[in-house]
Amino acid sequence: MPLPASFYARPTLIVARELLGCRLIRRLETGEQLTGIITETEAYIGEEDLACHARAGLTPRTRVMYGPPGRAYVYFTYGMHWLLNIVTEPEGFPAAVLIRALEVETGLEQVRANRPGIPTQRLTDGPAKLTRAFAIAGHHNNLDLTVIENGLWLEPGREIPDSRVTIGPRVGLYTVPEPWKSMPWRFRVQ
DNA sequence: AGCACGATTAACT
DNA sequence: GTTAATCGTGCTC
């Protein structure tokens, strides 16, 4: 059963922490399923957070983050990469969790085919790597992830104890001013 | 209309 | 450690 909208309609930091260990499932058009356990997330929270795209307010790009929780916010960056986020908080408040890394469970052969020439350990250890590996791109933007019909959803997976979770600053923020640059909103499984 | 830059990656010195 | 690749977005003129 997919995680329901009520799971995502909570404070973004709670959702980011609890998504660790959850299973991401991508059902391809062929019917084959790729699954992985989420091992790294980051929270982006509201217009005040100057690292969050919503700092620009409501625009065509950020509209999805203002929408209902449990939708995919997939955006294009650096001219070549797609990044997967999941919208959080009640509708109207712009926030999301970036999925930064996962551990492939099933569909490894297909994942390898999507990431030719890449060593197994490196297939999905970055936010743009996992979208390529799982064939997630712009057409998934604004997709409802609380139903299986759309071919992309999440489920409860493994329990991750706090002792295995590392919390630290978000990465890749070069021109973001303090305090936002250093907020400990990144969650990783050791 | 023009421009600077980016929630990155892979290859390279 | 550095850097090229590559283009949509939002801001300035």
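Below, all heavy atoms of this structure are taken into account, side chains as well, without hydrogens, waters or symmetry copies. Order of the sequence lines sets the chain letters (A, B, ...), proteins ahead of strands, with each chain counted from 1. All values reported here derive from a predicted model rather than from experimental measurement.
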Exercise for the section: Just call it for A:Arg122: base, sugar-phosphate, or nothing, with non-hydrogen atoms closer than 4.0 Å on any strand. Expected result: nothing
Handout entry: Distance-only side-chain donor-acceptor flag, A:Thr124 / A:Glu103, under 3.5 Å
Key = no
Practice task
Assess the side chains of A:Gln110 and A:Asn114: does a donor N or O sit below 3.5 Å from an acceptor N or O?
Solution key: yes
Problem - B:dA7 OP1/OP2 closer than 4.0 Å to side-chain N/O of A:Lys181 - result: no
Practice task
Take atom CG of A:Leu19 and atom C1' of B:dA7, then tell me their distance rounded to the nearest Å.
Solution key: 16 Å
Problem - Any A:Tyr73 side-chain heavy atom under 4.5 Å of A:Tyr44 side chain - result: no
Fill in the blank from the handout: A:His81 NE2 to B:dG6 P, in whole Å, measures 14 Å
Problem - A:His81 ring center near A:Phe76 ring center (under 6.0 Å) - result: no
Exercise for the section: Pick base, sugar-phosphate or nothing for A:Leu173, based on heavy-atom distances below 4.0 Å to the nucleic acid. Expected result: sugar-phosphate
Practice task
Rounded off to whole Å, could you give me the CG-to-P distance for the A:Leu50 and B:dG6 pair?
Solution key: 13 Å
Completion exercise
A:Arg188 atom CZ is separated from B:dA7 atom P, nearest whole Å, by 19 Å
Practice task
From the options B:dA7, B:dT8, B:dA10, select the nucleotide whose nearest atom is closest to the side chain of A:Ile118.
Solution key: B:dA10
Exercise for the section: Kindly indicate, with the supporting measurements, whether the criterion salt bridge (Lys or Arg N to Asp or Glu O under 4.0 Å) is fulfilled by A:Glu178 and A:Lys181. Expected result: CA-CA 5 Å; A:Glu178 301 289 358; A:Lys181 186 186 171 103; 5.9 Å; no
Handout entry: Partner of A:Leu152 under side chain to side chain contact (heavy atoms under 4.5 Å, CB included), chosen from A:Leu24, A:Ile25, A:Leu34
Key = A:Leu24
Practice task
Please report, rounded to the nearest Å, how far the P atom of B:dT9 is from the CH2 atom of A:Trp82.
Solution key: 15 Å
Practice task
State whether A:Arg132 places a side-chain N or O below 4.0 Å from either non-bridging phosphate oxygen (OP1 or OP2) of B:dT9.
Solution key: no
Check the interface with nucleotides 7-13 of chain C: list each N/O to N/O pair with the protein under 3.5 Å, or write none.
from	atom 1	to	atom 2	distance (Å)
C:dG10	OP1	A:Thr59	OG1	2.4

Handout entry: Residues A:Glu155 and A:Trp153: side-chain donor-acceptor under 3.5 angstrom
Key = yes
Exercise for the section: May I have the step-by-step check of salt bridge (Lys or Arg N to Asp or Glu O under 4.0 Å) for A:Glu89 and A:Arg10, ending in yes or no? Expected result: CA-CA 5 Å; A:Glu89 312 266 355; A:Arg10 296 181 295 160; over 6 Å; no
Practice task
Can you tell me, in whole Å, how much space there is between the P of C:dT6 and that of B:dG2?
Solution key: 22 Å
Handout entry: DNA chain B: stems of at least 3 consecutive Watson-Crick or G-U pairs whose donor-acceptor distances fall under 3.5 Å
Key = B:1-6 with C:7-12, B:8-12 with C:1-5
Fill in the blank from the handout: Between NZ of A:Lys129 and C1' of B:dA11 the distance, given in whole Å, is 12 Å
Problem - A:Glu18 and A:Tyr8: side chain donor to acceptor below 3.5 Å - result: no
Completion exercise
Testing B:dA10, B:dT8, B:dA7 for proximity to the side chain of A:Ala128, the answer is B:dT8
Fill in the blank from the handout: note: A:Leu123, atom CG; B:dA10, atom C1'; distance rounded to Å ~ 14 Å
Problem - Distance in angstrom units between A:Phe187 CZ and B:dA7 P, rounded - result: 19 Å
Handout entry: A:Arg100 vs A:Glu42, salt bridge (Lys or Arg N to Asp or Glu O under 4.0 Å): CA-CA, chis, key distance, verdict
Key = CA-CA 7 Å; A:Arg100 286 195 57 90; A:Glu42 281 179 358; 3.7 Å; yes
